[in-house]
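The structure under discussion appears below in the form of structure tokens.
Order of the sequence lines fixes the chain letters, A, B, ..., with proteins taken first and strands second; residue numbering starts at 1 for each chain. Because the structure is predicted, anything quoted here is derived from the model rather than measured.
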There are 2 protein chains.
Amino acid sequence: MHRPRREMIAETRAKLIAAARHAFGTVGYAEASMDDFTASAGLTRGALYHHFGDKKGLLQAVIREIDAEMSARLKVVSARADNLWQGFVDECTAYIEMALEPEIQRIVLRDGPAVLGDPSQWPSQNECIHSMAESIRRLSDEGTIVAVDVEAAARLISGASLHAAQWIANSDDPKATSKKAVKAFNVLLEGLLKRPGGPQDRMRALSGMH
Amino acid sequence: MHRPRREMIAETRAKLIAAARHAFGTVGYAEASMDDFTASAGLTRGALYHHFGDKKGLLQAVIREIDAEMSARLKVVSARADNLWQGFVDECTAYIEMALEPEIQRIVLRDGPAVLGDPSQWPSQNECIHSMAESIRRLSDEGTIVAVDVEAAARLISGASLHAAQWIANSDDPKATSKKAVKAFNVLLEGLLKRPGGPQDRMRALSGMH
DNA sequence: TCAATTGGCATACGGAGCGTATGTTGATAG
DNA sequence: CTATCAACATACGCTCCGTATGCCAATTGA
């Protein structure tokens, strides 16, 4: 026994993050008692404050971990597709499906923003957005889609995806709701595709917005 | 003096809602002390518990009030446009602009979902969505846009709008960010418009999503 | 090898906030 | 006119959080 010090410390941090992640994901951030979930990890609040400063710091660490997993999953999905557009579509699909998971929905999509502020300011969340933005950039370079600010497009699409996912997850008939959402999402995404017949100098949809 | 009883009661409720709305909108729900903001209204927590049950109940009432205002504003905006499409565009614009207001952003978009759960389940929020869905339905009847589930489209668009608004509000250069967001939003909305040349039997964007 | 020191974590204490139980007052009904 | 009940205020106990303090083990330097 008597493993190296560094390992014990890392294990303590990992246990705290795991316990907090479980508590936050089930009962929610506000209802999660620090005394309770530190005890469930065989520790006390002393360890928590030492490593993470406070409850919000621990939430940050939890979200960082989840977001890293999400980002990795997105990268895998988009990389294994045959072509860029299909990879992008798969990425969107994966994004929606991840947002359906209760743990992600509660911690990242609901409690996170309330406690840590707007997600667009998180370094972690930006990683996910960046992954989608990169896909869009490649599509743009390839000439498949129209010229558009990649970050803006990525944020709009992720916003639509996340709301769609929450709607689906909480609907009475998730299966049917999913079908409707995907179909409508489909229609919107078509706006990105270049028109086959020529330049799109048609009526600009939101020309009225200053 | 000695105004009717009902009026006094209604005034008490209104004062509590107003005080809570201010507190929630500035320091946030979690940091708002019930003792503090009830006192600022010249009352105590006794009145709060009597009228609203608990802190969450009061938040519900606050959100209901804000949402009613939002819904009314949307109705006005869409009604005064020359045509349906322009009215819809104006409605989207108004939606984004409302989401830029700090009070709405904090109470309705961040704290609300964390405390009360997914907004798609709120009777109030559904009012706003319903307003947008109604506009889309009329556009669909009119033949301006493609056939699409109106609620799904409304939710996707509102999701994109809200995220865009949060991104804009928290960006370093809101003016520039707004331009980029609106332009991308524009592109996506074009997916809704019927193609002038014929039926849209082209590649379906998300055919890969089950 | 043996202090000395430092970091990792637990314990103890004080304060704040929330929910409930109870009290008080004033208006309305009969 | 009185009895009742609604509309609030007060009081109490509990839980939870943050900080200050204490202890122990592991590392460091000679």
Check: A:Val187 and B:Ile145 side chains under 4.5 Å, non-hydrogen atoms: no

When rounded to whole Å, the NE2 to C1' distance for the pair A:His50 and D:dC24 reads 14 Å

Rounded to whole Å, the CG-C1' distance (B:Leu48 to C:dA21) equals 17 Å

Query raised in the report: At under 4.0 Å, does any side-chain N or O of A:His51 touch on OP1 or OP2 of C:dG8?
Result: no

Interatomic distance, CG@A:Asp111 vs CZ@B:Arg110, rounded to 0.5 Å, equals 13.0 Å

Taking five pairs at each terminus, the helix from C:dT1-D:dA30 to C:dG30-D:dC1 shows an axis bend, to 10°, of 10°

Side chains of A:Ser120 and B:Gln166: do they bring a donor and an acceptor to under 3.5 Å? no

inquiry  = Using 30° and 60° as the class boundaries, would you call the ring planes of A:Tyr29 and A:Phe24 parallel, tilted or perpendicular?
reply    = tilted

In B/S/- notation (B base, S sugar-phosphate only, - none; protein heavy atoms under 4.0 Å), nucleotides 10-21 of chain D written 5' to 3' is BB----SBBB--

Rounded to whole Å, CZ of B:Phe37 lies from C1' of C:dC18 at a distance of 11 Å

From CD1 of A:Ile9 across to P of C:dT6 the rounded distance in Å is 16 Å

**Item:** Salt-bridge contact A:Asp149-B:Lys183 (side-chain N to carboxylate O under 4.0 Å)
**Value:** no

Interatomic distance, CD@A:Glu151 vs CG@A:Leu156, rounded to 0.5 Å, equals 10.5 Å

From the list A:Ile66, A:Leu74, A:Thr93, side-chain contact (heavy atoms from CB on, under 4.5 Å) with A:Met98 holds only for A:Leu74

To the nearest angstrom, the CE-P distance between A:Met8 and D:dC24 comes to 17 Å

Charged N to carboxylate O below 4.0 Å: is that the case for B:Glu69 and B:Arg73? no

